[in-house]
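Structure, as structure tokens:
Position 1 is the first residue of the sequence, and the numbers go up from there. First listed ligand is number 1; within each ligand, the first listed atom is number 1. Model, not experiment: these values are computed from the prediction.
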Amino acid sequence: MPLEIMTIPCLSDNYAFLMRCTETDQVAAVDVPEAAPIEAALKARGWNLDHILLTHHHRDHVDGVPDLVNATGASVSGAVRDKDRLPPIDIALDDEEVFRFGNETCRVIDVSGHTINHIAFLFEDAKAAFTGDSLMTWGCGRVFEGTHAQMWASMQKFRNLPGDTALYTGHEYTASNAKFAQTIEPDNGDYIVRAAKVAQLRARDIATVPSNLGTERQTNPFLRADNADLQYAIGMKDADPADVFSEVRTRKDNF
Ligand code: ZN
Ligand code: FE
């Protein structure tokens, strides 16, 4: 396992992630809601932070960057097209750019919708994706800046990844997402089984992140806008998937 990944709870319901290339000892953090829990995790493992990767400019993903840079000297990478809203970045990344992290390759994809110029980090060999607030465990981020069509396009970028891709998503919203998903397809047996698993994990305060793409493809209503069963369940049989996505997203906003 060349990439070792840790999930670090921050603030009230955010997740940051630390990853280490076990072959080169390079360490990177994805998003920095606050510095202290990440510094503590680094110290506990004896890891030295080399890089910080940022998914988007929202404060609950970047507020800890200055402190963490001060403490570690790590370089900061973020979307070139959002550099005016991000903390100062050392490495500017564009859509479809590929970079090396240790012995791994990371592909950057633009997944705008939640914000414009939101990016995700795909480690296709290691089968790990860091999605920020775009695709979430059993949900998707609220569409603050982009259009629903843009967010649907972003969701589709994730769908073709292998089913065993681990999805490292920015928040622990899954219990609430589970309740919402079941309002969309109340009779879907896969949803019912998954909701029971989520309830069990959350009752013991265990993170539902990472999820994996196979599970999301099967049960995430935001990835199922072109699924006949979902369309039928919400009275939109044969509708344009972008319109179906928009309807589901609007229902979530009002949930
Ligand atoms: Zn956000
Ligand atoms: Fe967030």
Side-chain angles (χ1 to χ4, degrees), residues 5-19 28-38 41 52-68 76-89 93 95 108-122 128-155 157-158 166-181 198 202 207-211 216 220 222-223 245 248-250 252-255:
I5 301 173
M6 287 175 73
T7 300
I8 301 165
C10 292
L11 304 175
S12 58
D13 54 32
N14 277 79
Y15 288 123
F17 305 98
L18 280 175
M19 68 184 119
V30 179
D31 286 345
V32 190
E34 53 182 339
I38 298 173
I52 294 169
L53 310 177
L54 299 175
T55 61
H56 68 297
H57 76 278
H58 281 159
R59 294 192 57 173
D60 64 311
H61 297 257
V62 305
D63 261 2
V65 169
D67 286 348
L68 194 59
V76 181
S77 301
V80 62
R81 300 183 209 189
D82 219 10
K83 64 180 189 325
D84 295 338
R85 298 194 295 180
L86 290 165
I89 53 176
L93 300 170
D95 186 25
V108 175
I109 56 168
D110 180 289
V111 287
S112 289
H114 176 69
T115 64
I116 301 289
N117 300 318
H118 187 308
I119 57 175
F121 300 97
L122 306 183
F130 296 88
T131 68
D133 290 353
S134 57
L135 177 60
M136 308 275 253
T137 303
W138 214 349
C140 79
R142 190 178 279 258
V143 180
F144 285 118
E145 296 180 2
T147 62
H148 286 172
Q150 216 168 10
M151 190 60 138
W152 171 235
S154 295
M155 294 297 107
K157 291 188 181 182
F158 290 113
L167 300 172
Y168 294 85
T169 69
H171 288 267
E172 183 58 62
Y173 289 159
T174 313
S176 147
N177 288 344
K179 290 197 183 96
F180 171 71
V198 166
R202 294 310 299 148
T208 61
V209 173
S211 173
E216 296 302 329
N220 188 325
F222 298 103
L223 292 181
F245 176 87
V248 175
R249 188 56 250 178
T250 302
K252 179 66 163 65
D253 291 345
N254 299 321
F255 177 64

Exercise. Return yes when at least one N/O/S atom of His56 is nearer than 2.8 Å to the Zn ion (ligand 1), and no when none is.
Key: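 Checking the Zn ion (ligand 1) against His56, an N, O or S atom does fall under 2.8 Å.
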Quick one: does any side-chain atom of [X] pair with a main-chain N or O of [Y] as donor and acceptor, under 3.5 Å?
| X | Y | result |
| --- | --- | --- |
| His118 | Asp133 | yes |
| His114 | Arg142 | yes |
| Asn177 | Thr137 | yes |

Quiz item: the Zn ion (ligand 1) as vertex, arms to ND1 of His58 and NE2 of His114: angle to 10°?
Solution: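 Reported to 10°, the angle equals 80°.
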Exercise. Taking the Zn ion (ligand 1) as the reference point, name the nearest N/O/S atom of Asp133.
Key: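 For Asp133, the N, O or S atom at the smallest distance from the Zn ion (ligand 1) is OD2.
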Quiz item: For the Fe ion (ligand 2), does an N/O/S atom of His114 lie at less than 2.8 Å?
Solution: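 Under 2.8 Å: His114 has no N, O or S contact with the Fe ion (ligand 2).
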Quiz item: Can you tell me if His56 has an N, O or S atom under 2.8 Å away from the Fe ion (ligand 2)?
Solution: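 No, since none of the N, O or S atoms of His56 sits under 2.8 Å from the Fe ion (ligand 2).
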Quiz prompt | Rounded to 10 degrees, the angle OD2 of Asp60 makes with NE2 of His171 at the Fe ion (ligand 2) | solution =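 If I round to 10°, I get 80°.
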Quiz item: Of all N, O or S atoms in Asp133, which has the smallest distance to the Fe ion (ligand 2)?
Solution: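 Output for this pair reads OD2.
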Quiz item: Is there a side-chain contact between Tyr173 and Val209, using heavy atoms and a 4.5 Å cut-off?
Solution: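 They are not in contact (no side-chain heavy atoms under 4.5 Å apart), so the answer is no.
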Quiz item: Any chance NZ of Lys83 has more than 12 other-residue heavy atoms, nucleotides or ligands included, within less than 6.0 Å?
Solution: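 Not more than 12 within 6.0 Å, no.
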Exercise. Find the distance between CG (Asp63) and CG (Asn14) and round it off to the nearest 0.5 Å.
Key: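 One finds 10.0 Å between CG of Asp63 and CG of Asn14.
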